[in-house]
Amino acid sequence: MSDHRHRFLQLALTADALRFGQFTLKSGRLSPYFFNAGRFDSGARMVQLAACYADAVEATGLKFDVVFGPAYKGIPLATATACEFAQRGRDLPLSFNRKEAKAHGEGGNLIGADMNGKRVLIVDDVITAGTAIREALAIIAEAGGTPAGIVVALDRQEIASETDRRSAAQAVAEEAGIPVVAVATLGDLLDFASGNPELVGYRQPLEDYRSRYGSRPTR
């Protein structure tokens with residue numbers, strides 16, 4: 001497992017953003033783990049998290065000009081990631097959206113850098129159903145930008161439905177024709193649990209969950 005994946009999972013565990021047990025998801029599935037990016041709730045945690053995001057993006061060699069954060073969780077994630085790139089010597093423009101368009105002042109539903117004619121990297125926490133990401137893709141296209149890729153913290157690598165064996169991330173990637181980069185995946189989580197004496201007991205429930213709900217392998 002690469003260093004940024006291990007650092008992210010350890011950070012998530014320490015921050016209580018990654019929990020093990022039995023959790024009923026919005027889909028109704030009973031999951032042996034739960035991830036909540038809202039638990040990265042301090043400056044120090046965000047700094048460490050942003051470094052993991054930046055490492056994951058740099059490892060892919062992805063080319064982009066602007067960082068975009070979809071409301072709401074994507075806004076602090078994109079902002080922290082842009083700050084991390086600035087620390088590394090690359091000062092990137094940053095943009096994000098409002099949930100509701102503003103009728104006064106500057107108006108509209110976009111804040112920050114102009115995306116027209118630019119390659120845009122979308123930064124978010126997860127892709128669950130893909131609805132928020134599809135909205136972000138539409139916003140970028142309307143602003144004249146070109147989506148270059150999407151980076152998320154965790155890819156659960158599970159099927160969207162019994163009739164669609166793709167994960168939500170795979171579906172979005174195929175529909176939009178752009179890569180979806182995950183800082184870590186369910187496969188990484190399994191490896192992480194195997195190497196941690198405190199978590200090794202959760203490996204089998206994780207394996208069982210993947211056997212039942214795991215998405216088809218990425219080509």
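We count residues from 1, following the sequence as given. Below, all heavy atoms of this structure are taken into account, side chains as well, without hydrogens, waters or symmetry copies. No experiment lies behind these values; they were computed from the predicted model shown.
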* To do: Look only at the side chain of Gln170 and the backbone of Ser167, and say whether a donor-acceptor pair between them is shorter than 3.5 Å.
  =>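 At least one qualifying donor-acceptor pair exists.
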task = Determine yes or no for a side-chain-to-main-chain donor-acceptor pair under 3.5 angstrom, with Tyr53 supplying the side chain and Ala78 the backbone.
result =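 Looks like no, no N/O pair under 3.5 Å.
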- Message: Assess, by modelled atom type and distance only, whether the side chains of Ser31 and Arg156 contain a donor and an acceptor separated by less than 3.5 Å.
- Response: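 There is such a pair (donor and acceptor under 3.5 Å, judged by atom type) between the side chains of Ser31 and Arg156.
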task: Go through the steps to decide whether Leu121 and Val66 satisfy the test side chain to side chain contact (heavy atoms under 4.5 Å, CB included), and finish with yes or no.
output: CA-CA 6 Å; Leu121 174 68; Val66 180; over 6 Å; no
Under a 4.5 Å side-chain heavy-atom rule over Ile, Leu, Val, Met, Phe, Trp and Tyr, are [X] and [Y] clustered together?
X      : Y      : value
Leu49  : Leu94  : yes
Leu206 : Phe8   : yes
Leu9   : Val57  : yes
Leu18  : Tyr209 : no
Leu11  : Val181 : yes

Does the pair Arg166 and Ser215 meet the rule for a side chain to side chain contact (heavy atoms under 4.5 Å, CB included), with working shown? CA-CA 5 Å; Arg166 300 177 299 174; Ser215 58; 5.8 Å; no
Using a cut-off of 6.0 Å, state whether more than 12 heavy atoms not belonging to Glu207 lie near its atom CD.
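Atom CD in Glu207 is packed in, count exceeds 12.
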Does a sphere of radius 6.0 Å around CG in Asp91 hold more than 12 heavy atoms from other residues, nucleotides or ligands, not counting ones at 6.0 Å or beyond?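 No, the 6.0 Å shell around CG holds no more than 12 heavy atoms from other groups.
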Is there a side-chain contact between [X] and [Y] (heavy atoms, below 4.5 Å)?
X      : Y      : answer
Pro76  : Met46  : yes
Phe40  : Leu77  : no
Leu110 : Ile139 : yes
Val67  : Thr79  : no
Lys26  : Thr128 : no
Val152 : Asp125 : no
Leu92  : Asp65  : no
Glu162 : Tyr213 : yes

Contact summary for [X] and [Y], nearest pair of heavy atoms:
X      : Y      : value
Pro70  : Asn97  : CA-OD1, 3.3 Å
His4   : Ala59  : CE1-CB, 4.5 Å
Ala182 : Thr185 : CB-CG2, 4.1 Å
Lys73  : Ala37  : NZ-N, 4.4 Å
Ile75  : Gly69  : CG1-O, 3.7 Å
Arg7   : Asp3   : NE-OD2, 2.7 Å

Quiz item: cation-pi between Arg90 and Phe64, 6.0 Å / 45°: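 Flagged: Arg90 positioned over aromatic ring of Phe64.
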Determine, for [X] against [Y], whether the closest basic-nitrogen to carboxylate-oxygen distance falls under 4.0 angstrom.
X      : Y      : value
Arg212 : Asp208 : no
Asp191 : Arg5   : no
Arg45  : Asp41  : yes

Euclidean distance, [Y] [atom2] relative to [X] [atom1], rounded to 0.5 Å:
X      : Y      : atom1 : atom2 : answer
Phe34  : Asp16  : CZ    : CG    : 10.5 Å
Arg203 : Asn196 : CZ    : CG    : 12.5 Å
Leu186 : Leu190 : CG    : CG    : 5.0 Å
Glu58  : Phe85  : CD    : CZ    : 5.0 Å
Asp188 : Leu154 : CG    : CG    : 8.5 Å
Arg165 : Glu158 : CZ    : CD    : 11.0 Å

Are Phe35 and Val126 close enough, and set up right, to give a side chain to side chain contact (heavy atoms under 4.5 Å, CB included), and what steps lead you there? CA-CA 9 Å; Phe35 176 71; Val126 295; 3.8 Å; yes
(Q) One pair to check against side chain to side chain contact (heavy atoms under 4.5 Å, CB included): Ile150 and Ile127. What are the steps and the verdict? (A) CA-CA 10 Å; Ile150 302 163; Ile127 299 178; 4.3 Å; yes
Exercise for the section: For the pair Tyr33 and Phe20, name the ring-plane relationship: parallel under 30°, tilted 30 to 60°, perpendicular over 60°. Expected result: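 Ring orientation of Tyr33 relative to Phe20: tilted.
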